[in-house]
Every structure is written in structure tokens, then in C-alpha cells.
Amino acid sequence: MLEQLITSNTIKAIQKLYGVEIKENLISLQNTRPDIEGDITLVVFPFLRMSKKGPEQTAEEIGSFLSENVEEIESYSVIKGFLNLVVSNNYWLNFFNENAVIPTYGYRETKDEDPFVIEYSSPNTNKPLHLGHIRNNLLGWSIAQILKANGRNVKKVNLVNDRGIHICKSMLAWLKYGNGATPESTGIKGDKFVGDYYVRFDQEYKKEIATLVEGGMEKEDAEKNAPLIKEAREMLKKWEINDPEVRSLWEKMNAWVYEGFDVTYNRMGIDFDKIYYESDTYLLGKALVEDGLKNGVLFKKDDNSIWCDLEDRNLDQKLLLRGDGTSVYMTQDLGTAEQRYDEFHPQKLMYVVGNEQNYHFDVLKIILDKLGKDWAEKIHHISYGMVELPHGKMKSREGTVVDADDLMSEMFNTAKTTTEELGKIDGLSEDEANGLFRKISLGALKYFMLKVDPKKTMLFNPAESIDFNGNTGPFVQYTYARIQSIIRKSADVGLNNYSIQHNVPLERKEKELLKTLSQFSEVINQAATTFSPAVIANYIYSLVKEYNSFYHDFSVLKEENKDKALFRVALSAFTSLVIKNGMALLGIEVPNKM
RNA sequence: GGACCCGUAGCAUAAUUGGAUAGUGCAUCUGACUACGGAUCAGAAGGUUAGGGGUUCGAGUCCCUUCGGGUUCACCA
């Protein structure tokens, strides 16, 4: 690889010129700015201490050494402390000839190693999936894919929150107001159907509170004493002691929800290696707490509740078991973390969860550490920002929640009308056309969500956000489709045999393209280390822009020199391969025509 | 109040993790071979990177501070 080559020879140069052995991390290489001649640039400021000379002279000396001793370096120029190196055509052609025909170019082979376990999605079974889940799902799936492409062994898991008071609320509402209706009888998707009863509970509950307050009760008391909430709590208790009626209702309603979720996940292209249910895991963690109490790591208060003192870490105390012995969210998470560690012996335990839970995960790690679990450090919270709407955040009470299914349908329709307006569906069967609309609409949505740095809060404007021009999924897809068209036509003009060893002079834009293409696997590595699909999206975008610019300036099929024409077909094909492999990491399909 | 995060052009966002003159898209304005597919390309305009101080060869990036915004500190999950 070019960077390794320059790095090792720079070390030699410093040794030879200044008699000092330097470490690799002192060497900083970057792409040469487009307006300056050169392919790769070495920053020489860090070496001034050794050379005891000015930046220009130091750069000059190193440049002269490199161009004399490294075959691949053709020439160099110095601007201030920046040494710009020109790499020979031969180097780029070799790179091209060796890699352009590898279908999995850019990907590493998966190692047989301890896995990276990544949990994402984690829905509640009382509400349908919304825009926030979309970001979570797409991030989790894509990060898993990127890690795999970087050679990691990955396990995708989902922990479904299928029990608790909120689930009982929808169950109770269905019993009271449902009149035996089902998703089948109403034609409503299962998760939406159940979600509607959750909303209904809330409405009726609020009415009861209002009545009680009118009768002179304090609001807080009314909230605790409204008949409905009491009934819901009763139901939860019955659930916990395995009351057969409650359990069977619970199973029936959850099955409806899962049916609905499956539809949404499938449509989104999201999947998991393993699904856990909180109803199976919510009692885990109690044993850990008991042990901690014995060891004196945890302490008990007068009401028998058990706590962890975090004051030595500048944090508050954290409750782990209530006075009545029941557990809280943290307790369960301690338990599931241990379970997952025992099950997988992972290198990393990752959780894709919104940044409002940063504190929770900090505390989780600290407590596990205090409990003496040396694997606590393997826990990694992939924290992402919320998706906001133009008028603030999504609030179910204000009806501003953007539903996942609705959004996908809307995008599908937009893709359809736009494509039809552009007259691009001529000759396609209905199935083909629908498949195309699906690819384009999901491509637009996924690219839009994933091109933003996961850590950042992002704004989603339903009316304007999803564009098909500029830095978008369809823009990338379009470039891909156009290249496929060239490849199809290349046979007609006798240019189909382009998988040969090429040896042609390179135009500047061709060289730039090759340079960018050569960076693909390093980009994957960077995306994998930073857990950021945005790195991939930005890379693909710059590649596509470069290709489009090349395409505009140079003929491929009409080039008169046949060697050059063959090379350009092959270069186009290689570019489309990288586009395809890159988009696959974002879960985006690329169409052959659009 | 304590802790953590964020602030880049009208809007949305990049910046190789401390490197050169802060890139790109949308919107606005101007242009492009009678198209190898115009969902494209080329160009113009738009910035004191919230304000101030510091660290150094070099700061959007690190430190301090002020202002503005967010999250969290639950016997909810």
C-alpha cells in the first residue's frame, strides 16, 4: 500500500539524514489538495526537531531522498512545510490491474474470532416504530455490516421490551373497549392496532383524572388513584404471578405486534441474529445485586432497598432493587449484560441507544466495574442524536410522531411520481417499476439518515428533506445506473473484453479516480473504528462526484484509441463496483436502470 | 443547581482526528458540446466556524471563560 510504502521510507530517510529513529505515529500523510500538483502529501513540521533546519529545507531533503530511493515516487514539490509527492502512473495502473476484477473489492474476510455483539432497535410492544427507530435500526444494521466488511465477526441482537405496566395499559384498554376486534377483523396492522389501544387507555385515564380533580382531589393523588391505573397495576401483578388469562391475552396481543414489526423490519431490510424478550430476562441481575451486597460493594437502606454509591465517581447513588425486592431498568441491564457476556464471550458488547441514555450507560459500566467484572470495559454505547422535526421534537401527544410505515409509503409515492415525470419507466413491467420505486425511495431515506454523523442531532423536514438531487441516495444510484448502461453498450462496439492488463497514459481525472478507489478499504476501516456509516456515505459521494466530472469531460465508448476506451470501460466498471459495495454497507441497493 | 453534549453561509451538513486559502448540497443567479442516460456537468454569490482569551510552527478541532440550545441527575423503561 502506498501509505505504508511512504511511511517506511520516510522513517529510513529521517534515519539516514538526521540519524534519528522515529515512530510511525509522527508521520502524517494526507491527500494533496486538488489545486496543487501531487497525489499524497507528507507534513514535515514534526521532523524539524530532528533536522534542526527550516521546514522548506527539511521537506526538500526528505523529498529528494524519497524520489531517489522509492521507485513509485516520480517527483515532488515543496510548499512551506508540506512535501507533495507525485506518484508514478505505473503505480496506479498496477493497483488497477490487480484489484479492479475482485468482486468483493474493499472487504476483508471475516475472521474466526470472538464476536462483536451489537444490540439495536429494542422496541416496545405497545407502539409502532417511528422515525427515531428508523435512525436506530439503520445505524445498527449498517454498523454491523461495516464491521463485517472490516473482517469482524458480528452478532446482531434485539431486546424486545414486551412486558411492564405500559403493555398492560393497552391490554386493559382492548379488554374494555375492543369488543373482540382483531387486526384481521379491522384490517389494521397489528402493531398499530395495539398502539391505538395504548392511546385509548391514555385518553380514558386522563378523563378519570379530570373527574377526580373536579371532585376536589389533588392532581398527584388522582393520578395514582384513578380506577384505570389501579386496574392496570393489578393486571401487571397477575402477569407476574403467571395468571393464565392475563398471560394468554398478553401472548395474543404481542403476537399481533410482532407480525406488524416483521412487516416493517422486512420492508426496511433490517434483521437480527437473535431476539431476546424482556419477559425472559427481567429477573436477571438480582443475583448480581445480592452478590454485590455480600461483598460490601452495594448497601442497603432502612426500607430494604439496595443501592450503589457512585460518589467516588462524582455521581449520585443509584437504586438497584426496590424495598419490595423488585428490580429496576438498571438491574435488568446488569443482568442481560452478564448473560450476553457468558453466552458470547464477545470482544465488544455494543448498544445502539439514543444519547439521552448516556448517563445510564456510564453508570452501567461503573457498577459492573465495581462488582468486579473485568469485562465491563468491553461495553460500548453507540450513542446517537435524536431526530428532530422543524417544530421541535416528536411528541406522540401532539400527534407529531412520524410513523415508520407511513414515511416509507410516502417516499415510495414520491419516487413513483418523480420517476414517471422523468419518463423513466418505459419498457418496465409493473413489478420491475415497483421494485425500482422501492429501491429509490429506500435509497433516499437510508442515505439521508446515514450520511449524518451519528452523534449529531439531525433535523428531518418531511416536506423538504428527501431530495433526489445533490448529495442523495438517488444521485448515487443514478451514477451507478448510467455506468451499467455504458457496460451494456460496450459489447455492441466491441469493447466488452476489458478485463485485461491495461497499460495506457493516465489523464489527471482518471488518476484522481484511481486514487479515490484505492482508498476504499481504508475508508471502511475508518468507518468501522468510529462506528460511523456517515464516513462511507461521504466517501461514496465524493467518488461519484469525481466520476461524474470525469464522465462529462471524457468519452468512454467514443474514445478513438481502443486501449484507452477499454481502460475507461474498465475504470467505469470498477467505479460502479465500489459504489455497489459501498452502498451495500448502508443497506442500499443500486438499480441497473432508473 | 451538578454532570454530559452541541453551536460551521438563509436552510441542511463535511473537514483525513491539531495541518495549507473551511469543502459540499438545497434555495438564488449564469452557462453547457444537437446526451456514451440532463435525476448530469461547469461557474457566480453567500463565512470573524456563537463571542472573548490562551496553548504552538499551525486551532472549526485542545484548555479557560461568557452567551445561547439540548440531554440527564426517577422506587419509568
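Keep in mind that this is a model prediction, so the values were computed, not measured. Residue numbers start from 1 in every chain, and the chains themselves are labelled A, B, ... in the order their sequence lines are given, proteins ahead of strands. Reckoned from all heavy atoms, side chains included, excluding hydrogens, waters and symmetry mates.
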5' priority, RNA chain B, between A:D553 and A:L315 [closest heavy atom]
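Between the two, 5'-proximity favours A:L315.
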Any strand: nucleotide that pairs with [N] via Watson-Crick or wobble, under 3.5 Å:
| N | result |
| --- | --- |
| B:C4 | B:G70 |
| B:G58 | none |
| B:A44 | B:U28 |

Criterion side chain to side chain contact (heavy atoms under 4.5 Å, CB included) against A:I229, the qualifying member of A:K224, A:E223, A:K169:
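Answer after filtering A:K224, A:E223, A:K169: A:K169.
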Under 4.0 Å, counting only non-hydrogen atoms across every strand here, what does [X] touch: a base, just sugar-phosphate, or nothing?
| X | answer |
| --- | --- |
| A:S549 | sugar-phosphate |
| A:N358 | nothing |
| A:V452 | sugar-phosphate |
| A:F554 | base |
| A:I36 | base |
| A:S542 | nothing |
| A:Q526 | base |
| A:F475 | sugar-phosphate |
| A:T530 | base |
| A:T419 | base |
| A:A534 | nothing |
| A:N304 | nothing |

Tell me whether A:R340 forms a cation-pi arrangement with A:Y276, defined as NZ or CZ under 6.0 Å from the six-membered ring centre and within 45 degrees of its axis.
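Yes, cation above the ring, under 6.0 Å and within 45°.
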How does protein reach along nucleotides 22-27 of chain B, written 5' to 3' as B (base within reach of a heavy atom under 4.0 Å), S (only sugar-phosphate), or - (no contact)?
--SSS-
What does the B/S/- profile of nucleotides 69-77 of chain B look like, 5' to 3', with a 4.0 Å heavy-atom cutoff to protein?
-SSSS-BSB
Kindly point out which of [options] is positioned nearest to the side chain of [X]?
| X | options | result |
| --- | --- | --- |
| A:D35 | B:G19, B:C36, B:U21 | B:U21 |
| A:N548 | B:G19, B:U40, B:A39 | B:U40 |
| A:K80 | B:G19, B:A39, B:A20 | B:A20 |
| A:K456 | B:G19, B:A39, B:A14 | B:A14 |
| A:L459 | B:A20, B:G19, B:A12 | B:A12 |

Could you give the side-chain donor-acceptor pairs of residues 438-449 of chain A under 3.5 Å, partners two or more places apart or in another chain?
{"unit_1": "A:R438", "atom_1": "NH1", "unit_2": "A:E589", "atom_2": "OE2", "d": "3.3"}
{"unit_1": "A:R438", "atom_1": "NH2", "unit_2": "A:E589", "atom_2": "OE2", "d": "3.3"}
{"unit_1": "A:S441", "atom_1": "OG", "unit_2": "A:F437", "atom_2": "O", "d": "2.8"}
{"unit_1": "A:S441", "atom_1": "OG", "unit_2": "A:R438", "atom_2": "O", "d": "3.2"}
{"unit_1": "A:K446", "atom_1": "NZ", "unit_2": "A:M268", "atom_2": "O", "d": "2.8"}
{"unit_1": "A:K446", "atom_1": "NZ", "unit_2": "A:G587", "atom_2": "O", "d": "2.8"}
{"unit_1": "A:Y447", "atom_1": "OH", "unit_2": "A:N471", "atom_2": "OD1", "d": "2.6"}
{"unit_1": "A:Y447", "atom_1": "OH", "unit_2": "A:A537", "atom_2": "O", "d": "3.3"}

A:Y541 ring center within less than 6.0 Å of A:F475 ring center:
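Yes, ring centres under 6.0 Å apart.
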Are A:W239 and A:Y282 near enough that their ring centres are under 6.0 Å apart?
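When the ring centroids of A:W239 and A:Y282 are compared, they turn out to be within the sub-6.0 Å range.
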CD1 of A:I209 to CG of A:L228: how many Å apart, nearest 0.5 Å?
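Spacing of CD1 (A:I209) from CG (A:L228) equals 9.5 Å.
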Find the distance between CZ (A:F299) and CG (A:D309) and round it off to the nearest 0.5 Å.
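Separation between the atoms: 5.5 Å.
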Do A:M50 and A:T58 have side chains that get closer than 4.5 Å, going by heavy atoms?
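A side-chain contact under 4.5 Å is absent here.
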